[in-house]
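Within every chain, numbering begins at 1; the chains are lettered A, B, ... in the order of the sequence lines, protein sequences first and strands thereafter. What you are looking at is a predicted structure, and each value in this text was computed from that prediction instead of being measured.
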2 protein chains.
Amino acid sequence: MTPKLTESQEDYLKKIFLLSEKHDNPVSALDISEHLKVKPASVTNMLKKLSELNLVDYKPYYGARLTRAGELVALEVLRHHRLLELYLSEILGFGWEEVHEEAEKLEHVISERLEAKIAEKLGHPTHDPHGDPIPSADLELPDDSHRYPLTRLKVGQKGFISRVTTQDTDSLNMLSRLNLTLKAQLEIIGQERNGVRVEVEQDRFLLPLELASKIWVETH
Amino acid sequence: MTPKLTESQEDYLKKIFLLSEKHDNPVSALDISEHLKVKPASVTNMLKKLSELNLVDYKPYYGARLTRAGELVALEVLRHHRLLELYLSEILGFGWEEVHEEAEKLEHVISERLEAKIAEKLGHPTHDPHGDPIPSADLELPDDSHRYPLTRLKVGQKGFISRVTTQDTDSLNMLSRLNLTLKAQLEIIGQERNGVRVEVEQDRFLLPLELASKIWVETH
DNA sequence: GCTATAAATTAGATAAGACTAAATAAAACC
DNA sequence: GGTTTTATTTAGTCTTATCTAATTTATAGC
């Protein structure tokens, strides 16, 4: 069925999946090119190849979408990645800043067997420390239908932070100082054009949209 | 200093190191070719490249020897490999037959940091379950000067098995049935042209040279 | 010392995936 | 709607590591 993909191909598929999550449109070559740190011409080449393998839908000057087959590959790689990150951090005592790079290399080479052992050791987690979902062994994403970015909540809604979608160390550090960390309870005070006003443990902040859009909240 | 080698290059260096251990001569292209499952022509190409990098001494129609620099690379890869095998088996519950293949892929991608964490978890082991030496963090091999293959011991010498240098499952299984496993005490009864005669827990066997040469004994 | 065989090397081809430079298409601006 | 800017694609090059086929060197037999 899957005649063994190269690491590069897996990287492209994973990246397309991650970029697709943000909007709903096909992912542009430039977008991929910037995130994978390759030139746009290289992206075009690869998209043609992936298209022939029926892993992406691609038409010139249009962009790329994953096919179901491509999505499954992406989910598999993503599962590897997030399980590895979690394993490195929880079991081997790595700092969360260190794990990404290591997982980036390991995700392509671990066997299904090792993946299973790692998942088992971790108690089959559904989310990683940033709240990012970990696809299950049969490649289903956990049900996160009651989680939304801060920017999409209504005034008055309450909940707790369940996901923070930035890897930027300084941003994370800043959020930490503001007690805007995973599990933190908060309430939406206002949705304004220049940000989201929230209340956290007595404090109130006006979070710039840029930041607010990266904080996901589980409502209740 | 070392401008990052490819996985292939690392494989060649590791294999040359392992093949060098057996005899003392330069390793032939054919030998490498068979063990890496590539064609001799490919070996010649690679040896030229490694030679330019000063990782092997290579002269046409002569063979290859590792330089000190090449040996260090090989030791590093070997350390990764054996630590990984041990980790997979001891910590993650893999069977010893399963670990080799997995380690073969992982050995090239783990960071120094992960290597260190793994070594720490394992208590900085000096030998793997087969008795194969694990180079230390500063790439020294443990002192195994009092270990010899059965074939090199004198009649009357006693000791215990400290290394078995075959990966063949059926051979290992056979040795296991004969109680010829790691730590087993034995005595050399005779060195004969068709094998080594040994005594193990009451039993006596005449071990064919082929087999005897793979069993290493720590004398006392 | 010549010949047969085995081993090693050279030369040239291929595949993957990156690149640069040039050409083309689409989008954005008045 | 034409023009400029931006994005994308095409065409061709490079590197790495394989391969096959042909040639050359070394080794063994007699």
Pairing donors with acceptors under 3.5 angstrom, does anything connect the side chains of B:Ser111 and A:Glu102? yes
With sequence neighbours excluded, give me every ring-ring contact (aromatic ring centres under 6.0 Å, His included) pair touching residues 53-79 of chain A. none
Given A:Leu209 and A:Asn194, is the side-chain contact (heavy atoms from CB on, under 4.5 Å) satisfied, shown in steps? CA-CA 6 Å; A:Leu209 290 177; A:Asn194 49 346; over 6 Å; no
Report each atom pair, protein N/O against N/O of nucleotides 10-12 of chain D, whose distance is under 3.5 angstrom.
residue, atom, partner, partner atom, Å
D:dT10, OP2, A:Lys48, NZ, 3.0

For B:Leu30 and D:dT27, what is the distance between atoms CG and C1' respectively, to the nearest whole Å? 14 Å
Given D:dT24, D:dT16, D:dC19, which nucleotide is nearest the side-chain atoms of B:Tyr61? D:dT24
Under 4.0 Å between a side-chain N or O of B:Tyr12 and OP1 or OP2 of D:dT16? no
Could you tell me from which nucleotide to which nucleotide of DNA chain C, 5' to 3', there is an atom under 4.0 Å from chain A heavy atoms? C:dA16 to C:dA26
Which residues satisfy the side chain to side chain contact (heavy atoms under 4.5 Å, CB included) test with A:Lys39, sequence neighbours excluded? A:Ser42
In whole angstroms, the gap separating C1' of D:dT15 from CE of B:Met46 amounts to 12 Å
A:Lys37 or B:Ala29: which one's nearest nucleotide on DNA chain C is closer to the 5' end? B:Ala29
Sugar-phosphate, base or nothing in reach of A:Ser42, heavy atoms under 4.0 Å: base
note: A:Lys39, atom NZ; D:dC14, atom C1'; distance rounded to Å ~ 15 Å
Under 4.0 Å, counting only non-hydrogen atoms across every strand here, what does B:Tyr62 touch: a base, just sugar-phosphate, or nothing? nothing
If we ignore hydrogens and angles and just use 3.5 Å, is the side chain of B:Lys214 paired with the main-chain N or O of B:Thr165 as donor and acceptor? no
Can you measure B:Leu53 atom CG to D:dT16 atom C1' for me and round it to whole angstrom units? 12 Å
For the residue pair A:Ser145 and A:Asp143, confirm or rule out a side-chain donor-acceptor distance under 3.5 Å. yes
Side-chain contact, heavy-atom cut-off 4.5 Å: B:Leu175 with B:Leu211? yes
Among pairs that include at least one residue of residues 68-106 of chain A, which meet ring-ring contact (aromatic ring centres under 6.0 Å, His included), considering only residues two or more places apart or in two chains? A:His81-A:His100, A:Trp96-A:His130
Whole Å only: how far is the CD atom of B:Gln9 from the P atom of D:dT15? 14 Å
What residues, two or more places apart in sequence or in another chain, satisfy side chain to side chain contact (heavy atoms under 4.5 Å, CB included) together with A:Leu178? A:Leu180, A:Phe205
